[in-house]
Each structure stands twice: as C-alpha cells, then as structure tokens.
Trainee: 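Below: one structure in structure tokens.
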Amino acid sequence: MTKKKMVPLAAVVLAAALFAYWFYFSKPSEFPANEQAVAEINRTFPKAYSRTIQEAIRIDDRHMVLPFISKVKNYGLSYWVWRNHKWNVVSVDTNGKPSMWKIDPTDPSSYYLIWNLQPDHPLSSINFYLIGEREYHISGGIEDYQPKVQMKKKIFLQEKSYGAVQLPEQWTASINVLSQAESAQNPDVLTMDMFPEQSMFIGWIPYDKAGKESNIMFEGPSYSSSYEAIEELRPINESDMERP
Amino acid sequence: MFPINFTINFPPFNVATAMAGLGAWGVIIFFAYWIYKKQTAKPKVWKIAAVVLVGFFSLSFDVNMFGTAVKLSILPLGVGILYYLLNKNKEKWQTYRAFAWLGYLANFIFLLFALLAIPVHHVLYPANEPSTYLANVEDASIIAIHPTAKESNIHIESLKKQLPLLKQRPIHSDVWYYEMVKDKEAKERDERFPNLLTGTISKWGSGLNPLIFIEADGKGILLSTPKEQFYFRSGASLLEEEVK
C-alpha cells in the first residue's frame with residue numbers, strides 16, 4: 001500500500017476508535033430531569049402510566065433506580081442503565097414488589113435489594129432472608145449433609161417506603177464461598193445460575209406498625225417488563241423461619 | 001461503603017491434572033516425531049499438527065471412572081473427515097494417515113494420564129487429612145449462616161494447634177437431619193453446623209476448594225468437597241467466645 005493511501009486509512013481508523021470510545025466508554029451524562037424521566041418511562045413502557053418520580057436513587061455511575069407513582073396511584077420501580085451513550089429504561093414494574101438487581105451477575109457484591117411499597121399501607125419494616133435448605137443424602141454408603149442457611153437483613157420503612165440496599169457483606173461472602181465450591185464441582189457451567197448447588201434464594205417478610213407479620217396485598221393492575229437480571233424476591237412466612 | 005470483592009471464577013490450580021496434561025502432550029509429540037522419522041515423505045510441521053488436531057475430534061460420551069468424569073471416545077470423526085478430504089490423492093493420504101490416527105489415539109492418551117493422575121493426587125493430597133484443606137489459616141474467619149450461631153469468631157491459634165490432633169468421625173447425615181427437624185416447629189430448630197469458615201487456603205496445587213462448616217459447639221469441622229464429605233472432631237473449641 002502506498003503512503004498516500006495510508007494516511008486517510010489511518011485517519012478513518014482513528015476516527016472510528018474515537019467514536020467507539022465516546023459511544024461505549026465516555027462518562028455518563030447528567031441524568032434526565034424528573035419530567036423527562038417520566039416521559040421516557042411512559043415512552044418505553046406505555047402501560048406504566050408514570051406520573052411522579054419519587055427519587056432518583058444512584059446505584060453506581062451507570063445504574064439508577066427511580067421509584068415512581070402512576071396515574072392510578074400504583075407505586076412502581078423503573079430501572080435505568082447508561083448504555084450506548086444514553087440513559088435507557090431497561091425495566092419497569094408497576095407494583096414495586098421487592099426485587100433484586102444483579103448489576104454484575106458474576107459478582108454478588110453488586111446485587112441490590114430494591115422495593116417501593118404503598119406508603120398508605122401501614123408497614124414498619126421488612127425482613128430480608130438469604131435461605132438455603134437443610135438436606136441430607138445417603139447413597140452407596142456415602143453420606144452428605146448440607147446445613148441450613150438462614151441469614152437476616154432488617155430494613156425499616158419509617159421514613160421512606162422505597163429504597164435500594166446492597167446485599168450485606170456477610171451474604172456476599174457466603175454466596176461467594178458456596179458458589180465457588182459449586183464451580184469446582186462443575187467447571188463448565190455455562191448457565192449463570194446464581195445459587196446453583198444449594199437451591200438458595202432470597203425471601204422477604206413484611207411487618208406492620210404493631211411489629212406483626214403483615215399480609216400485604218398488591219392490588220390493581222401490574223405491568224412489568226425486563227431486559228436485565230432483575231428477579232422478584234419470594235414472599236415467605238415467619239412460621240417457616242428457624243429461631244426468628 | 002462498597003466492599004471490594006473478588007470472585008474467583010476459574011477452577012483452582014490442580015498440579016496432578018496439569019502434570020497429566022503435560023505428560024499426555026509429551027507422549028503425543030513423541031509419537032508424532034517417531035512417525036515422522038520413519039516416513040520418507042516429510043510434510044510441514046504445522047500441517048502435521050493440524051492433522052493431529054483434526055484427528056482428535058471424535059464422538060464421545062461421559063463416563064464416571066473412580067469418581068472422576070471422563071470422556072470416552074468411540075467414533076473417530078476427525079479421521080473420517082481427513083479421509084474424505086485427503087484420499088483423492090492416495091499418496092497424500094498415505095503420508096497423513098498415521099498422524100490422523102495418532103490424533104484419535106490422543107484421546108486415549110489423555111484418558112490414560114487423567115486416570116494416572118487420580119492416585120497421584122491422592123498421594124500428594126490425602127483426602128481425609130484436614131491439613132490438605134487447611135494449609136493456611138492465617139486469614140480464617142467465620143460467617144454465621146444460621147441464627148443459632150454463637151456471636152464468636154474462629155480462634156486461629158487454637159485451630160492451628162488442633163489441626164494435627166483432629167480425629168475423623170463418621171458422618172450420620174440422617175441422624176443429624178432428624179435431630180434438628182423431628183417433632184420441632186421451624187421456630188424451635190437449631191443447626192448443627194451454623195458457621196461457615198472462610199479465608200482458608202488449601203494445599204498449593206491441590207485444586208481443592210471445599211466448603212468448611214464449624215459445629216455449634218466449636219469442636220467439629222465438616223468438610224464438604226464435590227465428591228464427599230469429611231467430619232473431624234477436636235478436643236478443644238476452635239471458637240473465640242465473645243467476652244461480654
């Protein structure tokens with residue numbers, strides 16, 4: 001190739017690289033104002049009927065959660081990701097049920113518990129639980145015992161009936177240990193299940209103002225759609241908890 | 001407020017397996033060289049390598065041998081493909097035939113070395129020795145995975161002192177299970193192993209990454225590897241009782 005042709009080619013490659021860098025890696029821009037955010041939610045998911053943004057909760061540079069109130073007084077959640085040089089609504093749930101967002105599915109320390117409950121419903125707190133069942137197996141003279149896992153995280157709802165918290169450090173540590181042991185057992189797991197071996201899950205119990213287990217109901221129309229690793233958490237009963 | 005957490009997603013380094021892999025490659029290269037020497041036609045080395053690699057391709061199924069999952073090749077697909085491609089020129093096929101079959105044979109060389117690695121691994125890293133799994137306990141700590149766990153941490157000096165004195169005991173998984181569960185409501189249940197031990201390092205090169213549970217009384221260790229579990233008892237408690 002002649003020198004004459006090299007120069008424009010190099011320029012094109014450089015321009016493409018700069019554009020790719022700007023498009024994929026540049027710092028996220030200012031988050032849209034509330035009215036704009038409402039419009040964006042309704043444009044992406046028309047059935048959300050979002051009307052008021054309660055707060056813009058920053059998870060990290062590129063992830064936001066915006067709890068909102070809909071036209072019919074539903075308390076919902078919208079999940080936002082900075083991607084392709086734009087803030088995108090990647091999931092909307094009009095019921096605001098407690099869910100977990102796995103920002104990086106391979107790293108449990110990036111998992112967040114997120115909720116938005118009706119404030120007129122008299123709840124005072126939520127207990128979140130990391131649960132793994134006690135099990136035993138005997139086959140061919142080989143015995144195996146899996147201890148019960150039950151770890152608790154209490155959240156108070158006095159000030160706000162919505163919020164987002166990172167998984168407690170102790171949960172992250174035990175999930176890491178338990179799932180690492182699993183990856184040694186089954187090195188070519190292509191499916192990125194969160195808790196493959198121990199059939200572990202995260203559940204939640206709501207408590208009312210009197211500190212008693214509440215049977216909160218989610219009424220009204222619900223609509224949700226998700227492109228991300230967001231999982232609804234399992235409602236559980238206190239009667240199933242050991243040594244509550 | 002954001003703890004840094006590294007999740008190791010690759011399986012830990014296993015010396016016996018690595019040596020077996022190297023040994024198998026050595027034998028394959030030796031055979032390839034031997035065939036090359038005997039032949040009058042001397043093809044290019046990269047072509048030989050390509051033919052051996054294609055020859056390696058085979059239809060196989062997984063079988064369990066001595067507790068290890070291995071691939072048993074049954075149909076030399078690669079040899080078939082090479083025959084189809086090269087037999088138009090009889091001389092060419094004559095040149096490459098032996099290398100193609102060597103590729104297929106390589107499957108069995110790998111299998112043989114993988115089986116040889118099993119007893120080697122057993123000698124280097126005895127499965128029922130606690131020191132295999134607890135080679136370094138300097139950074140050990142415990143996570144309470146059940147509400148009945150005592151508020152205490154691991155006593156590292158005690159653990160080090162007790163390691164050579166630990167006695168292996170039989171696992172009675174069904175007894176343990178029903179002891180916790182039988183005639184008891186969930187809220188009355190204890191857990192025999194309410195602590196998970198983290199931060200310990202297995203013997204270098206063992207590739208082992210067991211779950212380690214500490215018994216409620218602080219005197220028992222349950223080691224859970226993907227293949228089997230081991231249970232050890234110590235004379236003194238391994239827990240640092242919290243002074244309050």
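Throughout, protein chains are lettered first and strands after them, A, B, ... in sequence-line order, and every chain is numbered starting at 1. Source: prediction; values computed, not measured.
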Trainee: To the closest 0.5 Å, what do you measure between CD (A:Gln170) and OG1 (B:Thr198)?
Mentor: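 So the CD of A:Gln170 and the OG1 of B:Thr198 are separated by 8.5 Å.
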
Trainee: Between A:Met151 and chain B, with a heavy-atom cut-off of 4.5 Å, which part of the residue counts as in contact: side chain, backbone, both or neither?
Mentor: both

Trainee: I need the contact set between residues 52-63 of chain B and chain A: heavy-atom distance under 4.5 Å, sorted by residue number.
Mentor: none

Trainee: Please round to the nearest 0.5 Å and tell me the distance separating atom NZ of B:Lys187 and atom CZ of A:Arg243.
Mentor: 10.5 Å

Trainee: Would you mind checking which part of A:Asp144 comes under 4.5 Å of any heavy atom in chain B, side chain (CB onward), backbone (N, CA, C, O), both or neither?
Mentor: both

Trainee: Please test A:Tyr145 against B:Phe193 for side-chain contact (heavy atoms from CB on, under 4.5 Å), starting from the C-alpha separation and ending with a verdict.
Mentor: CA-CA 10 Å; A:Tyr145 175 80; B:Phe193 298 96; 3.6 Å; yes

Trainee: Quick one: pull up CE in A:Met241 and CD in B:Glu185 and give me the separation to the nearest 0.5 Å.
Mentor: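 CD of B:Glu185 is found 13.5 Å from CE of A:Met241.
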
Trainee: Name the region of A:Ser239, side chain, backbone, both or neither, that has any atom closer than 4.5 Å to a heavy atom of chain B.
Mentor: backbone

Trainee: Given A:Tyr136 and B:Tyr178, is the ring-ring contact (aromatic ring centres under 6.0 Å, His included) satisfied, shown in steps?
Mentor: CA-CA 10 Å; A:Tyr136 78 92; B:Tyr178 289 109; 5.5 Å; yes

Trainee: Apply side chain to side chain donor-acceptor pair (under 3.5 Å) to the pair A:Glu242 and B:His146, showing each step before the final yes or no.
Mentor: CA-CA 8 Å; A:Glu242 303 194 350; B:His146 194 269; 2.7 Å; yes

Trainee: For B:Lys161, look at atom NZ and say whether over 12 heavy atoms of other residues, nucleotides or ligands are found less than 6.0 Å away.
Mentor: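 Open.
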
Trainee: CG of B:Leu196 to CG of A:Leu178: how many Å apart, nearest 0.5 Å?
Mentor: 5.5 Å

Trainee: Below 4.5 Å from any heavy atom of chain A, which atoms of B:Leu222 appear? Answer side chain, backbone, both or neither.
Mentor: side chain

Trainee: For B:Ala144, which atoms come within 4.5 Å of any heavy atom of chain A: side chain, backbone, both, or neither?
Mentor: backbone

Trainee: I need the A:Gln146 CD to B:Ser224 OG distance, nearest 0.5 Å.
Mentor: 4.5 Å

Trainee: Rounded to the nearest 0.5 Å, what separates atom CD in B:Gln229 from atom CD in A:Glu143?
Mentor: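 Going from CD on B:Gln229 over to CD on A:Glu143, the span is 9.5 Å.
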
